[in-house]
Amino acid sequence: MTTPVTDIGLPLALAIRIAVVTIAVLAGRRRRLTRRVAFVGAAVASMVTAATSVTVLYTGDAAHGAWLVHRASGLSLTYAVDGLSAWFLIVLSAIAIPVAIFSLGYVAHPHYERRSVFLGAAFNVLLGAVEMVFSANDAIAFLFAWELMTLATAALVVTEHEQRTHRRAAYLYLVMSHVGTGCLIAGFLMLAAGAGSTSFPALFGGSIPAGLAGDFLFALFLAGFGIKAGLVPLHVWLPEAHPAAPTSISALMSAVLIKSGIYGIFRVCAFGLGVPRLSWGVLIVALGALSAVLGVLYALMQHDLKRLLAYHSIENIGIILLGLGAGMMAMAYGRPDVAAVGVAASLYHVLNHAVFKGLLFLGAGSVALAAGTRQIEQLGGLLRRMPWTGFCFLIGAMAISGLPPFNGFASEWLTFQAFLFGFRGSTEPLVHFLFPLAGAVLALTTALAAACFVKAFGISFLALPRSTAAAGAHEAGPAMVAPQAFLAVMCVVLGLFPGSVTGALGRVLSSLPGLEVHPAMTHGALGMASGLASFDVVVPIVMTAALAGALALAMALTMGRGAVRRVPTWGCGGELTARTEYTATAFSKPLMMIFRAVYRPTREVEALAKVSPYFPQEVRYRAEIEPTFERYVYAPLLRAVMGTAKGMKVLQAGSLHAYLAYVIALVLTLVLFVWWRR
């Protein structure tokens with residue numbers, strides 16, 4: 001039985017957003033008022049959504065309703081909030097609220113202040129569209145919200161439309177998104193043809209095509225949702241669009257928008273098309289492993305802070321799919337208990353990635369505003385000038401690297417458990433090969449992520465400033481620092497109290513078919529376990545206490561040996577300056593050489609000398625990695641499409657008789673098709 005909060009929660013949140021957008025547009029000339037109304041209103045609406053979702057999750061009673069009912073045509077846009085929808089809406093709200101508060105200070109900056117009306121209105125439209133995607137209960141409502149979300153995002157990506165690269169990023173995002181939408185429309189039409197309805201209960205509760213038709217249907221939905229999620233090799237839009245958008249929007253895109261693709265894969269591919277086939281789970285694991293490894297490898301070579309974080313979004317989407325793929329494979333071979341661990345790990349990482357990636361993007365935005373650049377090579381020494389931003393960024397960096405006691409460790413540990421017990425509990429040779437390999441890929445990804453954030457934090461925040469702008473940087477205002485502090489605290493809380501999270505996840509898992517939730521997964525608020533063995537319990541707060549004790553003991557032993565002597569750093573007889581510091585390029589070069597088969601790098605060294613080439617005054621070094629997917633996948637595809645389009649121009653003859661002939665031929669073809677189907 002639903003409560004009044006769940007009955008009116010989502011419509012109330014949508015009404016608040018519509019009112020906020022209207023006020024923001026009408027009060028456009030009063031920019032300060034517009035910002036306050038737009039972003040505070042967005043935070044209030046997200047609080048209402050969060051309250052609705054938490055109520056649904058803890059009562060177990062789904063909320064149902066309709067956004068729009070047109071009685072004359074019978075058209076209705078309905079919504080339903082069950083356990084899975086509630087989880088994703090909680091993730092959305094947990095990020096939308098601090099991002100909205102951050103935007104109050106960020107959009108007030110002179111660079112964005114004149115666009116306050118547009119950013120405030122579009123921000124609310126985007127949040128409302130994502131809420132509708134997560135709660136839609138029929139295909140028409142879902143596709144409407146999906147397209148609204150796509151268009152709002154594209155508009156926000158091209159906020160600085162004066163720059164050609166931003167226009168190109170928005171165009172690329174639109175093209176890829178509409179290809180994905182086409183796949184989703186085709187998939188829903190195939191399901192609706194068999195179910196006779198567009199409502200989700202009828203679509204996913206009816207007869208699902210078997211054999212090759214079922215595989216084709218799965219591939220359509222995976223492609224449609226995979227594009228939005230940034231899944232390799234469908235990721236090419238993501239590293240372009242995320243850096244182009246304003247930072248608050250980049251944080252929302254990385255933390256929440258790409259999760260709409262993950263939500264679709266959960267809702268349709270994993271739990272909407274019947275019991276997953278083993279081949280489907282294998283494909284999800286393979287694509288997840290590919291995305292995780294390539295995402296972090298390409299991130300290591302980036303020196304634009306926001307572009308680096310964008311590639312790490314691809315990496316973490318891969319980690320999420322590793323857990324989900326393990327769960328789908330376990331369901332296929334009849335281990336619902338192992339499947340529950342994999343799905344729980346995946347959903348846990350959905351929340352964790354949203355929190356630490358939102359934190360990192362907000363930190364990157366503060367740095368970019370303070371130093372005037374996102375290039376890591378031009379930063380340095382920011383920890384002294386921006387201590388709060390630097391400390392929060394460090395927490396986010398440790399969380400994304402999977403270090404205890406932060407939240408990234410908890411979800412990645414559960415993913416390892418899914419692979420471990422899935423390997424032990426199956427007799428399938430493919431599982432025995434793939435699960436250890438996927439676990440090794442996850443371990444490699446975690447190590448490379450740690451190396452990448454040693455570079456990102458160390459080069460950006462430590463040592464000496466590498467530019468005048470970095471030397472003059474200063475801490476952001478309270479409106480921008482407070483949301484970062486809130487997300488940093490969440491990184492710690494979600495890592496130290498995993499039992500509370502797995503307890504909530506148990507309610508989500510119980511609402512999904514084919515899963516068997518073991519009560520031993522939760523050990524109070526502080527512990528977590530797979531529930532599949534006697535000695536698999538992890539209590540992060542105990543690990544933290546042990547690490548802190550060991551560190552304190554080491555410091556006591558070291559400090560007790562005598563007075564500490566401080567001397568200047570040895571600089572080979574010369575003076576240490578910013579020019580002698582370790583650079584991001586130098587840090588990445590050894591890894592570039594190790595993985596040269598993946599990067600296929602090109603290097604150019606130029607020595608400039610006035611007197612003799614043996615005494616150069618300047619040496620210029622440039623290294624680039626090959627854009628493999630763009631060059632070998634999308635460029636040939638684009639040439640083929642353009643060539644086909646050029647060849648089809650002959651059909652546009654400009655003759656009325658020719659056009660009538662086309663219509664007659666089409667009608668005859670349709671008649672013959674209908675007759676043949678009879």
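All residue numbers refer to positions in the sequence shown, counting from 1. Worth knowing before you read on, the calculation uses all heavy atoms, side chains too, and leaves out hydrogens, waters and symmetry mates.
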#### Entry: Pairs satisfying side chain to side chain donor-acceptor pair (under 3.5 Å), at least one member in residues 372-382, at least two apart
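Passing the test, one end in residues 372-382: D304-R374, E377-T585.
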
### Query
Pairs in or reaching into residues 96-111: which pass side chain to side chain donor-acceptor pair (under 3.5 Å), with residues at least two apart or in two chains?
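Every pair satisfying side chain to side chain donor-acceptor pair (under 3.5 Å) with a residue in residues 96-111: S103-S248, Y106-Y112, Y106-T247, H111-E160.
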
Sequence-distant partners of [X], side-chain contact (heavy atoms from CB on, under 4.5 Å), two or more places apart:
X: Y171; answer: V175
X: T544; answer: P405, L496
X: V40; answer: V44, L104
X: R114; answer: R31, E162

### Task
Give the ring-plane orientation class for F393 versus F461, where under 30° counts as parallel, over 60° as perpendicular and anything between as tilted.
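Taking F461 first and then F393, their aromatic rings sit tilted (interplane angle of 30° to 60°).
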
### Message
Please verify the inter-ring angle class for Y599 with F595; under 30° counts as parallel, over 60° as perpendicular, anything in between as tilted.
### Response
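Geometry flag for F595 against Y599: perpendicular rings.
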
Counting distance only, does the side-chain N/O of [X] pair as donor-acceptor with the main-chain N or O of [Y] below 3.5 Å?
X: S346; Y: I320; answer: yes
X: S291; Y: E315; answer: no
X: S411; Y: A345; answer: no
X: R115; Y: T159; answer: yes
X: S401; Y: A397; answer: yes
X: N124; Y: R17; answer: no
X: S260; Y: V256; answer: no

Does some side-chain heavy atom of [Y] sit less than 4.5 Å from a side-chain heavy atom of [X]?
X: K357; Y: S313; value: yes
X: L379; Y: P465; value: no
X: H353; Y: I258; value: yes
X: F587; Y: T583; value: no
X: Y348; Y: P498; value: yes

### Message
I'd like to check the ring-ring contact (aromatic ring centres under 6.0 Å, His included) partners of F123; sequence neighbours left out, ordered by chain and number.
### Response
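F123 satisfies ring-ring contact (aromatic ring centres under 6.0 Å, His included) with F39 once adjacent residues are dropped.
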
### Partner set under ring-ring contact (aromatic ring centres under 6.0 Å, His included) for F497, not counting sequence neighbours
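In terms of ring-ring contact (aromatic ring centres under 6.0 Å, His included), with neighbours along the sequence ignored, F497 is linked to no residue.
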
### Query
Crowded around R36 CZ? As in, over 12 foreign heavy atoms under 6.0 Å?
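At most 12 heavy atoms, drawn from other residues, nucleotides or ligands, come within 6.0 Å of this atom.
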
#### Entry: side chain to side chain contact (heavy atoms under 4.5 Å, CB included) evaluation trace for I317 with H235
CA-CA 11 Å; I317 288 297; H235 68 289; over 6 Å; no

Rounded at 0.5 Å granularity, tell me how far [atom1] in [X] sits from [atom2] in [Y].
X: I249; Y: H242; atom1: CD1; atom2: NE2; result: 11.5 Å
X: L297; Y: L591; atom1: CG; atom2: CG; result: 8.5 Å
X: K259; Y: K228; atom1: NZ; atom2: NZ; result: 14.0 Å

### Query
Are T446 and E412 close enough, and set up right, to give a side-chain hydrogen bond (donor to acceptor under 3.5 Å, both in side chains), and what steps lead you there?
CA-CA 9 Å; T446 303; E412 291 184 15; 2.9 Å; yes

### Message
Between K455 and Y582, is there a side-chain donor-acceptor contact under 3.5 Å, judged purely by atom types and distance?
### Response
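No pair is found: no donor N or O on one side chain lies under 3.5 Å from an acceptor on the other.
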
I'd like a table of donor-acceptor pairs (distance under 3.5 Å, sequence neighbours excluded) in which one partner is a side-chain atom from residues 476-488, with atom names and distances.
residue	atom	partner	partner atom	Å
Q484	NE2	S366	OG	2.9
Q484	NE2	M480	O	2.9

### Query
What pairs meet the ring pair (Phe, Tyr, Trp, His ring centres under 6.0 Å) rule with one or both residues in residues 299-322, with sequence neighbours excluded?
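Matches after skipping sequence neighbours: Y298-Y311, H312-F453.
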
Contacts under 3.5 angstrom, residues 382-391 side chains, donor-acceptor by atom type, not counting sequence neighbours:
residue	atom	partner	partner atom	Å
R385	NE	A471	O	3.0
R385	NH1	G381	O	2.6
T389	OG1	E475	OE2	2.6

### Task
I would like to know whether I262 and L321 meet side chain to side chain contact (heavy atoms under 4.5 Å, CB included); could you show each step before the answer?
CA-CA 8 Å; I262 295 297; L321 291 183; 3.9 Å; yes

### Worked check of side chain to side chain contact (heavy atoms under 4.5 Å, CB included) between V355 and L351
CA-CA 6 Å; V355 172; L351 173 61; 4.2 Å; yes

Tell me which donor-acceptor pairs under 3.5 Å the side chains of residues 88-98 have, and how far apart each pair is, sequence neighbours excluded?
residue	atom	partner	partner atom	Å
S93	OG	S46	O	3.2
S93	OG	L89	O	3.0

### Message
Could you go through L151 and L174, starting from their C-alpha distance and side-chain angles, then the distance that decides it, and tell me whether this counts as side chain to side chain contact (heavy atoms under 4.5 Å, CB included)?
### Response
CA-CA 8 Å; L151 295 175; L174 280 175; 4.1 Å; yes

### Message
Salt bridge check, E113 against R32: does any charged N sit closer than 4.0 Å to a carboxylate O?
### Response
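Salt bridge absent between R32 and E113.
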
